[in-house]
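The figures that follow rest on heavy atoms only: side chains count, while hydrogens, waters and symmetry mates do not. Convention: sequence-line order gives letters A, B, ...; per-chain numbering from 1.
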Amino acid sequence: MSELYIRVAEDENEEPMEIPSEDDGTVLLSSVAAQFPGACGLRYRNPESQCMRGVRLVEGVLHAPENDWGSLVYVVNYPKGEKLKMEEIDAASAVKVKRGFQKTSDLIVLGLPWKTTEQDLKDYFSTFGEVIMVQVKRQTNGNSKGFGFVRFADYETQTKVIAQRHMIDGRWCDCKHPNSKMCPDEPMRSRKIFVGRCTEDMTPDELRQYFMQYGEVTDVFIPKPFRAFAFVTFADDQVAQALCGEDLIIKGISVHISNAEPKHNNSRQMMDRGRFGVCPLGRQRGTKRPGGGMMRSRRVC
DNA sequence: GTTGAGCGTT
């Protein structure tokens with residue numbers, strides 16, 4: 001009568017897995033749990049109402065809605081709390097996968113004591129992770145200019161180092177992305193994503209709730225009147241970048257995530273954090289070029 | 001030989 005297998009997935013946008021049904025058309029919860037450890041039930045989206053519906057569960061036996069499993073994809077239920085955990089793992093691993101490709105970049109170290117040497121720098125920063133480059137900038141007489149550069153092997157290390165202040169040889173120092181245009185090895189890391197194919201019933205709060213699973217959301221903007229897209233800003237640019245290119249399912253709707261291209265009148269995106277070496281108003285820092293000749297600024301190293 | 005917010009001689 002019924003199919004031999006029903007299609008089950010951990011999330012609506014996941015590829016389903018086929019789970020065997022019993023002779024009488026029911027499905028054992030244990031069969032589901034065998035593939036999805038911790039599962040406590042199933043739900044599905046009712047094609048009529050577009051609402052999620054629970055699957056009847058009696059003593060470990062799942063019963064087909066309307067006595068027919070049909071070709072719907074059933075979504076695994078987890079005990080409260082457990083589910084969040086799974087989502088967090090998914091989101092975190094998604095970010096992590098892309099993190100693997102995140103290049104590190106040179107960081108400027110500001111506020112160094114005059115006496116600090118490159119060896120000192122290396123010794124200090126090695127406690128955070130593998131250091132692949134250190135520099136202390138000096139004048140021709142050999143005196144330190146009080147700043148330097150450092151580069152780490154791993155992006156995680158870099159992130160950690162930027163996030164805190166550093167006591168080096170008795171002075172507090174800061175590590176930042178340099179403003180210089182010498183090496184813009186970070187193309188453009190926006191913390192804001194463009195969410196395409198939105199429907200009008202998606203509220204800012206719902207979007208926030210949904211995207212929270214990937215990381216801290218600092219802003220949600222839905223242009224009005226309705227234009228079928230929205231902007232979501234994360235605290236962490238890595239999270240935003242990791243999501244770009246993805247098709248995500250929100251309220252049963254497939255939305256497309258892409259980079260929020262800063263519009264021509266890039267007012268805040270660039271000003272926000274003066275990083276990645278782009279001065280909106282052109283060079284402002286003292287650039288004394290004797291001949292007045294134009295130096296090409298965009299360089300790929 | 002000095003200094004203390006910043007931005008990298010090759």
Enquirer: Quick one: do the A:D123 and A:Q119 side chains pair a donor with an acceptor below 3.5 Å?
Expert: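 Note: A:D123 and A:Q119 side chains meet the donor-acceptor criterion.
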Enquirer: Under 4.0 angstrom, heavy atoms only, what part of the nucleic acid is A:G111 near: base, sugar-phosphate, or nothing?
Expert: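 Base, at least one base heavy atom under 4.0 Å.
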Enquirer: Let me know, please, whether A:P113 or A:I108 comes out on the 5' side of the other along DNA chain B by nearest nucleotide.
Expert: A:P113
Enquirer: Classify the nucleic acid contact of A:L107 as base, sugar-phosphate or nothing, counting any heavy atom under 4.0 Å across all strands shown.
Expert: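 Touches nothing.
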Enquirer: Check the distance between B:dG4's P and A:Q139's CD and give it to me in whole angstrom.
Expert: 13 Å
Enquirer: Answer yes or no for this row: A:F149 ring on B:dG8 base, centroids under 5.5 Å, planes under 30°.
Expert: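 Stacking between A:F149 and B:dG8: present.
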Enquirer: Rounded off to whole Å, could you give me the CG-to-C1' distance for the A:N179 and B:dA5 pair?
Expert: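 For the pair A:N179 CG and B:dA5 C1', the rounded distance is 12 Å.
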Enquirer: Evaluate the ring planes of A:F128 and A:F125, with Trp represented by its six-membered ring, and classify them as parallel (under 30°), tilted (30 to 60°) or perpendicular (over 60°).
Expert: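 Ring orientation, 0 to 90° scale: tilted.
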Enquirer: Decide, applying a 5.5 Å centre-distance limit and a 30° plane-angle limit (both strict), whether A:W114 stacks on B:dT3.
Expert: yes
Enquirer: Distance check needed: B:dA5 C1' versus A:W172 CH2, whole Å only.
Expert: 19 Å
Enquirer: Counting just side-chain N and O atoms, does A:K145 come under 4.0 Å of either OP1 or OP2 of B:dT3?
Expert: no
Enquirer: If each of A:L110 and A:S144 is mapped to the nucleotide of DNA chain B with the nearest heavy atom, which maps nearer the 5' terminus, i.e. the 5' end?
Expert: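 So the residue in question is A:S144.
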Enquirer: Taking atom P of B:dG4 as reference, at what distance in whole Å does atom CZ of A:F147 sit?
Expert: 16 Å
Enquirer: Measure from CG on A:L112 to P on B:dA5 and round the result to the nearest Å.
Expert: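 Taking CG of A:L112 and P of B:dA5, I get 14 Å after rounding.
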Enquirer: Is there side-chain contact between A:S105 and A:H177, with heavy atoms separated by less than 4.5 Å?
Expert: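 They are in contact (side-chain heavy atoms under 4.5 Å apart), so the answer is yes.
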Enquirer: With respect to the side chain of A:R171, which nucleotide from B:dG1, B:dG4, B:dC7 is positioned closest?
Expert: B:dG4
Enquirer: Checking A:K192 against A:F231: charged group under 6.0 Å from the ring centre and within 45 degrees of the axis?
Expert: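 A:K192 over A:F231 ring: yes.
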Enquirer: Give the nucleotide from the list B:dC7, B:dG1, B:dT9 with an atom nearest to the side chain of A:P178.
Expert: B:dC7
Enquirer: Specify the separation, in whole Å, of atom CZ of A:R138 and atom P of B:dG6.
Expert: 22 Å
Enquirer: Look up atom OG in A:S254 and atom CD1 in A:I249, then write down how far apart they are to the nearest 0.5 Å.
Expert: 4.5 Å
Enquirer: What about A:N143: does its side chain form a donor-acceptor pair under 3.5 Å with the base of B:dG1?
Expert: no
